[in-house]
Amino acid sequence: MAQQDFTLTSYDPVYAICEEVRIPEDIIREQALRWLKLQCCKEGEEPRLSNQWVAAHTKDFKSVEELMIFIRYNMYRDNREVQELSDQNAICKELSTRLVEELPADLVEESIYAANMRLEDMISRNGMSIDEFCRQRGMTIDQLYLDVKERTVQSLKEDSALWAYAQHRGYTLDAEDFYAIIPGDDIQDKAYKRQQIEREGRLEDMEIYALKTKALKEVMENAMIKRKPTDAEWLRYGDTSADVLNANKQFPDSFVTL
């Protein structure tokens, strides 16, 4: 099926509230205990989260709170991929509100049908019925399919908005753009897979995907975000990402793998 053309009401940077993904404090405490057991405990000894125990068994921390700051910092640093996906969802959702055209009814119908089939196949492969799957999640069958429908339609809107952005920018593709979207061990492996895709007649679909990926990268880099609605300033997303990477390079000792 040929890719339909779409347009946006604006191609200016997206402004979005991208809330911080919070890690439950009980999970952070569990990680702190694991770290103490690995780093500080003798064989058979169990760690305790008390100021006295932490001060006596660690060199750098005098209290539980100091230890928790260290653990929390590293866990959120390791949580960066989850945060980036959450940010991407928020930014793309905001971009999709600028879509001018309505989604084609046949595309929506086909996509919802395919999504339902994938869900039912996944449930079946896990040895469950749809009733059992819904009971596990505390929802009705109607609620399940409504959720699939809403997610599918939203995904189509975001995909179409990215295509509209790519068309407006008039991107061209080079080899690196294809290599960026093809998984592989090295350039030779990626090049071989690209040739396979071309032989199978799927190159056009891959080109469209590469253009949307290019659009996503530009939209994300230029988006203006706040972590909380009450934050005083908007920050350019590309700058905040660069700050994290630069900090990792400048202060490697601060980025300790737990």
Side-chain angles (χ1 to χ4, degrees), residues 1-23 76-105 107-108 111-112 115 146-174 176-182 204-249:
M1 180 185 296
Q3 179 73 39
Q4 176 171 329
D5 291 344
F6 290 96
T7 53
L8 302 178
T9 57
S10 171
Y11 299 88
D12 293 336
V14 172
Y15 283 72
I17 306 298
C18 300
E19 295 184 357
E20 186 177 20
V21 176
R22 305 301 301 175
I23 302 174
Y76 276 101
R77 188 263 304 172
D78 292 339
N79 201 45
R80 187 177 175 211
E81 182 177 350
V82 175
Q83 182 67 62
E84 286 179 342
L85 288 174
S86 176
D87 296 340
Q88 178 178 309
N89 287 339
I91 291 168
C92 287
K93 184 176 182 179
E94 186 63 31
L95 180 71
S96 73
T97 64
R98 300 179 180 184
L99 197 63
V100 174
E101 293 83 6
E102 294 290 331
L103 295 172
L107 174 63
V108 172
S111 298
I112 292 173
L146 178 61
D147 181 65
V148 172
K149 178 181 178 180
E150 290 175 347
R151 289 175 182 271
T152 301
V153 171
Q154 181 58 37
S155 178
L156 286 172
K157 287 181 178 179
E158 293 172 8
D159 192 66
S160 300
L162 287 173
W163 178 239
Y165 194 93
Q167 288 179 296
H168 177 77
R169 286 290 186 259
Y171 293 136
T172 58
L173 298 173
D174 52 33
E176 285 70 23
D177 295 317
F178 289 108
Y179 295 149
I181 64 171
I182 299 175
E204 183 180 357
D205 290 340
M206 187 173 73
E207 289 174 342
I208 291 172
Y209 180 65
L211 289 168
K212 291 175 183 176
T213 301
K214 207 164 184 175
L216 175 61
K217 182 179 179 181
E218 183 175 336
V219 168
M220 291 292 292
E221 286 182 349
N222 293 315
M224 304 297 290
I225 71 163
K226 287 183 179 181
R227 289 302 179 195
K228 293 181 292 186
T230 54
D231 288 347
E233 296 183 7
W234 292 93
L235 299 175
R236 181 176 174 273
Y237 191 77
D239 295 337
T240 61
S241 297
D243 288 343
V244 173
L245 291 175
N246 289 337
N248 191 13
K249 294 174 183 176

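In what follows, every heavy atom counts, from backbone to side chain, and hydrogens, waters and symmetry copies are set aside.
Residues E19 and K228 have side chains not in contact (no heavy-atom distance under 4.5 Å, counting atoms from C-beta outward). No side-chain heavy atom of V14 sits less than 4.5 Å from a side-chain heavy atom of M220. When side chains are defined from C-beta on, E207 counts as touching F178, because their heavy atoms get closer than 4.5 Å.
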Fill in: Working for side chain to side chain contact (heavy atoms under 4.5 Å, CB included), residues T213 and Y209
CA-CA 6 Å; T213 301; Y209 180 65; 4.0 Å; yes
Discussion item. Using the rule given for side chain to side chain contact (heavy atoms under 4.5 Å, CB included), can you reason through D231 versus I17, listing the C-alpha separation, both sets of side-chain angles and the distance that settles it, and then say yes or no?
Written reply: CA-CA 10 Å; D231 288 347; I17 306 298; over 6 Å; no
Worksheet entry | Q88/L216 under side chain to side chain contact (heavy atoms under 4.5 Å, CB included): CA gap, chis, key distance, verdict | CA-CA 9 Å; Q88 178 178 309; L216 175 61; 3.8 Å; yes
Practice prompt. Please report the C-alpha distance between I182 and M206 in whole Å, then the side-chain angles of each, then the deciding distance to 0.1 Å, and finally whether the side chain to side chain contact (heavy atoms under 4.5 Å, CB included) criterion is met.
Written response: CA-CA 9 Å; I182 299 175; M206 187 173 73; 3.7 Å; yes
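Heavy atoms only, all atoms of each residue included: A115 and V148 are closest at CB-CG1, 3.7 Å. Across all non-hydrogen atoms, the minimal contact from P13 to M224 is CB-CG, 4.4 Å. Residues A16 and A90 share a closest heavy-atom pair of CB-O, 4.1 Å. A pairwise comparison of heavy atoms in E233 and K226 identifies O-CG, 3.5 Å as the closest pair.
Of the inter-residue distances, the one linking R80 atom CZ with L85 atom CG reads 11.5 Å to the nearest 0.5 angstrom. The CD atom of E221 sits 10.5 Å away from atom OH of Y237, with the distance rounded to the nearest 0.5 Å. The CG atom of L95 sits 12.5 Å away from the NZ atom of K157 when rounded to the nearest 0.5 Å. Atoms CZ and CG, on R169 and L211 in that order, are 13.5 Å from each other to the nearest 0.5 Å. We find the OG1-CG distance between T152 and L103 to be 11.5 Å, quoted to the nearest 0.5 Å. Atoms SG and OH, from C92 and Y165 in turn, are 11.5 Å apart once rounded to the nearest 0.5 Å.
Although no hydrogens or angles enter the test, the distance criterion places a donor-acceptor pair under 3.5 Å between the side chain of T97 and the main chain of E94. Side-chain atoms of R98 never come within 3.5 Å of backbone atoms of T7 as a donor-acceptor pair (strictly under, hydrogens ignored). Side-chain N or O atoms of D174 include one that pairs as donor or acceptor with a backbone N or O of E176 at under 3.5 Å. Put simply, the side chain of N222 never gets that close to the backbone of V219: no donor and acceptor are under 3.5 Å apart. Checking side-chain atoms of W163 against main-chain N and O of A215 turns up no donor-acceptor pair under 3.5 Å. Proximity of a side-chain donor or acceptor of Y76 to a complementary backbone N or O of I23 within less than 3.5 Å is detected. Listed for the K214 side chain is a donor-acceptor partner under 3.5 Å among the backbone atoms of T172. Here the side chain of D159 pairs no donor or acceptor atom with the backbone of L162 at under 3.5 angstrom. Side-chain atoms of S86 do not come within 3.5 Å of backbone N or O of V82 as any donor-acceptor pair. At least one donor-acceptor pair under 3.5 Å links the side chain of Q167 to the backbone N or O of F6.
Ion pairing between R227 and D87 holds under the 4.0 Å rule for side-chain N and carboxylate O.
In this model, a donor atom of one side chain and an acceptor atom of the other lie less than 3.5 Å apart for S96 and Q154. Inspection of the Y171 and E218 side chains reveals an N or O donor paired with an N or O acceptor under 3.5 Å.
For K212, the NZ atom counts as densely surrounded, since its 6.0 Å shell holds more than 12 non-hydrogen atoms of other residues, nucleotides or ligands. No more than 12 heavy atoms of other residues, nucleotides or ligands shown are found within 6.0 angstrom of NZ on K93.
Under the ring-ring contact (aromatic ring centres under 6.0 Å, His included) criterion, Y11 pairs with H168, not counting sequence neighbours. Applying the ring-ring contact (aromatic ring centres under 6.0 Å, His included) criterion to Y15, with sequence neighbours excluded, gives W234.
Screening V100, D5, L99 against S160 for a side-chain contact (heavy atoms from CB on, under 4.5 Å) leaves a single residue, L99.
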